[in-house]
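Taking it in order: structure first as C-alpha cells, then the write-up.
Letters A, B, ... mirror the listed sequences (proteins, then strands); counts begin at 1. Atoms considered below: every heavy atom in the structure, side chains included; atoms not considered: hydrogens, waters and symmetry mates.
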There are 2 protein chains.
Amino acid sequence: MKIDDEIKAHFMTPQHRALVNIRYTSNYLGNLQNGFMSKFDLSMPQFNILRILRGAKGAINVNNVKDRMVEKSPNTTRLMDKLVDKNLVERWRCTEDRRVVYIQLTEEGQSLLKEIDQSIELLTITNINLSDEEAQTLSDLLDKIRIEPSSHIDL
Amino acid sequence: MKIDDEIKAHFMTPQHRALVNIRYTSNYLGNLQNGFMSKFDLSMPQFNILRILRGAKGAINVNNVKDRMVEKSPNTTRLMDKLVDKNLVERWRCTEDRRVVYIQLTEEGQSLLKEIDQSIELLTITNINLSDEEAQTLSDLLDKIRIEPSSHIDL
DNA sequence: TGTTATATTCTACCAAGGTAATTAATTCGA
DNA sequence: TCGAATTAATTACCTTGGTAGAATATAACA
C-alpha cells in the first residue's frame, strides 16, 4: 500500500512523503525483526550485538561495539547487561587500561547464533523484496539524505 | 558518509545494506526532528498529533488520530495525556457513543502550531536533500518493500 | 609532580513503542 | 431479551532510545 493510504495523508511535496515513508517503513521493518527474534528470546538490538561480537572474532571493547551499532547511545551497556544475564556474553575489565571493558561471546552465545542462522526465516530480516539494482539505488538515496540536513541555514 | 562506513559494516548483499540503511537513516532523521521540536517543549510524535488535529479541522476521535500516525499503538493515548497536561489539546467523551473520546486543539495548541510554522528551520524536518524525482523514487521503493515480507515462505 | 583535559564506561532520568489484557459500551443474533 | 462478540479507549508491564552527568582511569603538559 502506498504511504499516503497507510497513514491517510496528503503530502505537499515528494520530499515530505519520502521522509515520512522512511520513518514508517523503518518502523514496519523493525517490528518484523523483533517479531522474528522474539522466538529466540532476543530483541533485534541484542541480536545485532551478538552478530557484531561474532564478526569481531574475539574480545572487543564496548566502544567498538557501539561504533558498529545503528544507535550510538549508552543503551549499548544496558543491552549487554541483558546478554550477560542470559549467559550469551562475558565481560571483563581490561587490566592495562582499567577504563576499558572487553566483551566476548560465550559458547552459549555462539550456539544460539548458529541456531538462528539455521532458521529459514532469518532471510525475512536480512533481505527485502527488491532487485540488487533497486536496493543499491535505495541505499544511495538514503546516503545522500544524510550528507547534510536539507535546508540547513546558518542564522 | 556511506552506510558501510557509518557503522563499519561489510554487507553481503545490497538488500541487507538497504535494510540497515533504512533503520539507520530513519534514526538519524528522528533525532533531527526531536532536536528541533525540543525547542518547543514537544516531541515529534506529539507535534504530529497536533498537526493531525489541525488537519481534521475540528474534533475527531482517538482512533482517527491513530490511523494517521506512523505508529499505531496505545501510545496515542499516552501522548495525548501529555498534550492535555500542557493545555494544547482538550478531550471529552462522546455522549451518543460513550466508548468514543473526542479530541481537539485548544487555542493554545493552535498558537503553538502557528509559532512552529514560522520557524525557518521547520523545513529541516519536512524536507530532505533530494530532487522531486529522487524523492519519489525513494518512496516507491519503500512502498514496494512493504508489500510483503520478502522471502516469505509458508511452512 | 601536580593539575587539567580527555577517554571509557556506566547510571539516572525521562520519553516512546510494543504486546497483552482490562474496562466499558455497543451491536449482533439465537 | 439475554448473552456473546465486537469496538474504543485505556492501563500495565516491559524494552528501547536519548541527554546529561557521574565515576574512574589515563594522557598531556606546564
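- Put simply, CG on B:Leu32 is 14 Å from C1' on D:dG18, counting in whole angstrom units.
- The side chain of B:Asn61 approaches D:dA9 more closely than any other nucleotide in the set C:dT26, D:dA9, D:dT16.
- One can place CZ of A:Arg91 at 9 Å from C1' of C:dC10, the figure rounded to the nearest angstrom.
- Rounded to an integer number of Å, the gap from A:Arg78 CZ to D:dC14 P is 17 Å.
- The distance from atom CD of B:Glu96 to atom C1' of C:dA25 is 14 Å, rounded to the nearest whole Å.
- Between the side chain of A:Asn34 and the backbone N or O of A:Met44, at least one donor-acceptor pair lies under 3.5 Å.
- Note on B:Lys66: every side-chain N or O is 4.0 Å or more away from OP1 and OP2 of D:dA9.
- DNA chain C is contacted by both A:Asn31 and A:Asn64; A:Asn64 maps to the nucleotide lying nearer its 5′ end (nearest heavy atom per residue).
- Picking from D:dG17, C:dG17, D:dA25 the nucleotide with the shortest atom distance to the side chain of A:Pro45 gives D:dG17.
- To the nearest angstrom, P of D:dT10 lies 12 Å from CG of B:Leu79.
- A donor-acceptor contact shorter than 3.5 Å is absent between the side chain of B:Arg146 and the backbone of A:Tyr28.
- Taken from OG1 in A:Thr25 to CG in B:Asp143, the straight-line distance is 7.0 Å, to the nearest 0.5 Å.
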B:Gln136 vs B:Asp132, side chain to side chain donor-acceptor pair (under 3.5 Å): CA-CA, chis, key distance, verdict:
CA-CA 6 Å; B:Gln136 192 53 52; B:Asp132 285 4; over 6 Å; no
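- The phosphate of D:dT15 (OP1 or OP2) has no side-chain N or O of A:Gln46 nearer than 4.0 angstrom.
- Counting atom types as modelled, A:Arg99 pairs no side-chain N or O with a base atom of D:dT24 as donor and acceptor under 3.5 Å.
- Interface remark: the B:Arg23 side chain does not form any donor-acceptor pair with the D:dG17 base, using a distance-only criterion of under 3.5 Å.
- For A:Thr95 and B:Val62, each mapped to the nucleotide of DNA chain D holding its nearest heavy atom, the one lying further toward the 5' end belongs to B:Val62.
- Contact check for B:Glu134 versus A:Asp140: no side-chain heavy atoms found under the 4.5 Å cut-off.
- Proximity of B:Asn34 to the phosphate of D:dG18: no side-chain N or O atom is located under 4.0 Å from OP1 or OP2.
- Here A:Asn75 does not reach the OP1 or OP2 of D:dT16: none of its side-chain N or O atoms lies under 4.0 Å away.
- Comparing C:dT11, D:dT16, C:dT26 by their nearest atom to the side chain of A:Asp81 picks out C:dT11.
- The phosphate of C:dG18 (OP1 or OP2) has a side-chain N or O of B:Ser73 nearer than 4.0 angstrom.
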B:Glu6/A:Val70 under side chain to side chain contact (heavy atoms under 4.5 Å, CB included): CA gap, chis, key distance, verdict
CA-CA 9 Å; B:Glu6 298 267 19; A:Val70 172; over 6 Å; no
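- Straight-line distance from the CE atom of A:Met37 to the P atom of C:dG18: 18 Å, rounded to whole Å.
- For the pair B:Asn63 and A:Met44, both in contact range of DNA chain D, the more 5′-proximal nearest nucleotide belongs to B:Asn63.
- When each of A:Val100 and B:Arg98 is assigned the nucleotide of DNA chain C with its nearest heavy atom, A:Val100 is the one assigned upstream, toward the 5' end.
- Atom OH of A:Tyr28 is separated from atom C1' of C:dG17 by 18 Å (rounded to the nearest Å).
- One interatomic measurement links the two molecules: CD1 of A:Ile103 to P of C:dT8, which rounds to 14 Å at whole-angstrom precision.
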